[in-house]
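Remember, it's a predicted structure, so these values are computed and weren't measured experimentally. Per chain, numbering begins at 1; letters A, B, ... match sequence-line order. All values below were derived from every heavy atom in this structure, side-chain atoms included, with hydrogens, water molecules and symmetry-related copies excluded.
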Amino acid sequence: MSENQSAPAQANPASIRFEDFGLSPEILRALADQGYVNPTPIQAQAIPVVLQGRDVMGAAQTGTGKTAGFSLPIIQLLLAHANSSASPARHPVRALILTPTRELADQVADNVKAYSRYTPLRSTVVFGGMDMAPQTAALRAGVEIVIATPGRLLDHVQQKTLNLSQTQILVMDEADRMLDMGFLPDLQRIINLLPKQRQNLMFSATFSPEIKKLANSFLSSPVTIEVARSNATNENVTQILYKVEEESKRRAVAHIIRERGLKQVIVFSNTKIGASRLARELEKQGLKASAIHGDKSQAERMAALESFKKGDVEILVATDVAARGLDIAELPCVINYDLPYNAEDYVHRIGRTGRAGASGDAISLVTEKDAKLLADIEKLIKKKLVPTELPGFVADAGHVSEGRSRREESRGSYGGERRPRRDEERGGRGAAAPLPRKEKIDPWFLKPYEPEKPAPVSALESSSAPTSAPAPASKAASSGKSQKPKLAALLGGLPKR
DNA sequence: AAAAAAC
């Protein structure tokens, strides 16, 4: 269901076929290999526009087929417009795709490789944390398409193993995340290396004022494509919240996983240390868990992701390195061990499940301290979230054998965690029945959700009804993020294209 | 307050 009319109107995408776009037989064959027949809504909108050579500002939730939406027409364009023979290199880089995280770059590269499989086009992925040599070799051998994280890309440029002077198409994937991560200066450097005449595609999950500004600076009269309300949560995802004590969170996670018999679940932690500890604890409890975060070596990160995808590891405990874009087939459930500090990350995290039309559950553990975070999330997704008791969970340390003292437990397996308070030890242990501690209900859980004011809503944010044109931008009434002045300053100095 | 990214 196409909600935005900025792109050419489309009939029901289900009636459109990939064959209708005039894609080359090689591309169609690759699609057939994967069993793809009909484009998703964003693909139906993006493919024709990209093929026309237009710039694109795309808003799409992950799991909507965004990657194919830009990859397929790019491959087609590169095939159709043969390399300008005047170029010195036989294989200049003609398309560049930038992503914020290494895993995402790797994943996009896998897709591009699959789609271009039957074409003569060559592609490679370039990101940090890995040996330069193989990347250098691949680049020297010649590739038309490079997928990269910004830092390592610039490194290769500096080493003269990569030349971007012939690059005709630039894709910025998860652009809002790249801004969050402070990639703006790198983006500027990279763009300065590209020909002035080129096609730009920018994808962002949200349309913050900063993103709009970035789009204004980098894009040339872009076509706006939007298939879902920004900041909306996927309808296929059921959001469940359980209130727990801080001290019970690890056991609560194990309990949920066991009760539900989960064989594939990502558990999000706010900290790298927390992720490692939780993974260790789950493993100790006999569950197959592995952690992925930025303090692990890139080899470890990739191994963890790989074994999770293969099913050898059933629980991937992750920081927000895995919050965006990662496509794990048939992931039925994600668990927020911590509520994210940034409400937008909540949307991204739970977007790992319920992908490609499947349904999924997003379970969040909520403690008393999380009231503010929860309120922020409710405000962002414009939906009331009600934490409930976790069924069948004994809030006290029920799994600890009687012989082992609580003190030993808190020292041994729980590392730096503080001991349970005395009043938390009341509930009896090992019992199967839920705790009779209803009297201790925190008032904030009961407080009705009330949005502050009617909330200024921009056209892009409010598309329950189709909008005919991007409304007069709801003046950048953004939260006064500390990052903002800096960003404005940086963008201010950019040449408008 | 924390995470991500080049060496």
Side-chain angles (χ1 to χ4, degrees), chain A residues 62 96-109 125-136 139 146-162 164 172-190 193 204-206 210 246 266-279 291-302 304-305 316-326 336-349 352 367 369-374 376-377 416 479 481-483 487:
Chain A
T62 50
L96 172 63
I97 302 169
L98 297 174
T99 72
T101 67
R102 299 164 179 176
E103 279 76 11
L104 196 49
D106 207 27
Q107 176 181 294
V108 170
V125 63
V126 149
F127 53 74
M130 303 288 280
D131 200 349
M132 285 286 271
Q135 296 177 5
T136 300
L139 292 171
V146 168
I147 302 94
T149 48
R152 179 58 72 91
L153 183 87
L154 286 168
D155 203 350
H156 278 290
V157 170
Q158 210 159 12
Q159 309 281 325
K160 306 258 191 256
T161 52
L162 180 59
L164 296 174
M172 288 169 276
D173 198 10
E174 304 284 352
D176 48 348
R177 184 58 149 197
M178 289 207 260
L179 285 191
D180 288 348
M181 290 169 62
F183 274 144
L184 185 57
D186 280 353
L187 288 179
Q188 288 185 83
R189 281 184 209 113
I190 291 166
L193 297 163
S204 176
T206 53
E210 286 83 4
E246 186 67 38
I266 297 183
V267 183
F268 284 104
S269 160
N270 281 358
T271 64
K272 294 180 277 196
I273 288 180
S276 279
R277 281 191 190 145
L278 179 56
I292 183 168
H293 58 67
D295 274 354
K296 296 236 172 202
S297 73
Q298 192 54 33
E300 287 175 309
R301 282 164 60 162
M302 293 168 80
L305 190 57
L316 188 67
V317 188
T319 59
D320 281 322
V321 67
R324 293 214 182 196
L326 285 196
N336 284 314
Y337 174 77
D338 299 311
L339 279 190
Y341 288 122
N342 184 345
E344 279 173 9
D345 286 332
Y346 175 84
V347 179
H348 292 292
R349 288 180 180 184
R352 292 317 94 216
T367 70
K369 289 182 296 187
D370 295 332
K372 172 75 167 66
L373 300 178
L374 185 56
D376 287 349
I377 292 167
S479 50
K481 295 251 162 69
S482 60
Q483 170 199 26
L487 184 67

message = Please report the distance, rounded to the nearest Å, between CZ in A:Phe127 and C1' in B:dA5.
response = 12 Å
message = For a quick test of reading the model: is some side-chain N or O of A:Arg102 closer than 4.0 Å to OP1 or OP2 of B:dA4?
response = no
query = Which pair of non-hydrogen atoms, one from A:Lys296 and one from A:Ala291, has the smallest distance, and what is that distance?
reply = CE-O, 3.6 Å
ask   = Roughly, in whole Å, what's the span from CG in A:Asp180 to P in B:dA3?
value = 15 Å
query = Closer than 4.0 Å, any side-chain N/O of A:Thr319 to the OP1 or OP2 of B:dA4?
reply = yes
task = Provide, to the nearest angstrom, the distance between the CD atom belonging to A:Gln188 and the P atom belonging to B:dA5.
result = 21 Å
request  = Mind calculating the distance between CD1 (A:Ile292) and P (B:dA2) to the nearest angstrom?
outcome  = 21 Å
key: side-chain N/O A:Arg301 vs B:dA5 OP1/OP2, d < 4.0 Å   = yes
message = Using a strict threshold of under 4.0 Å (side-chain N to carboxylate O), is an ion pair present between A:Arg177 and A:Asp345?
response = yes
Length of the line joining A:Arg349:CZ and B:dA4:P, which is rounded to integer Å = 11 Å
query = So what does A:Asn270 touch, heavy atoms closer than 4.0 Å: a base, only the sugar-phosphate, or nothing?
reply = sugar-phosphate
key: A:Gln158 side chain, from C-beta outward: closest of B:dA6, B:dA3, B:dA1   = B:dA6
query = Taking 4.0 angstrom as the limit, do A:Asp176 and A:Arg324 come out as a salt bridge?
reply = yes
query = OP1 or OP2 of B:dA6 less than 4.0 angstrom from a side-chain nitrogen or oxygen of A:Thr149, does that happen here?
reply = yes
Spacing of A:Leu104 atom CG relative to B:dA3 atom C1', expressed in whole Å = 15 Å
ask   = For A:Lys296 and B:dA5, what is the distance between atoms NZ and P respectively, to the nearest whole Å?
value = 15 Å
task = Kindly point out which of B:dA3, B:dA6, B:dA5 is positioned nearest to the side chain of A:Lys272?
result = B:dA3
task = Mind checking the CG-OG1 spacing from A:Asp155 to A:Thr161? Nearest 0.5 Å is all I need.
result = 8.0 Å
request  = Answer yes or no: is there an ion pair linking A:Asp106 with A:Arg102, defined by an N-O contact shorter than 4.0 Å?
outcome  = no
key: Gap between atoms CG and P, on A:Asp295 and B:dA4 respectively (whole Å)   = 7 Å
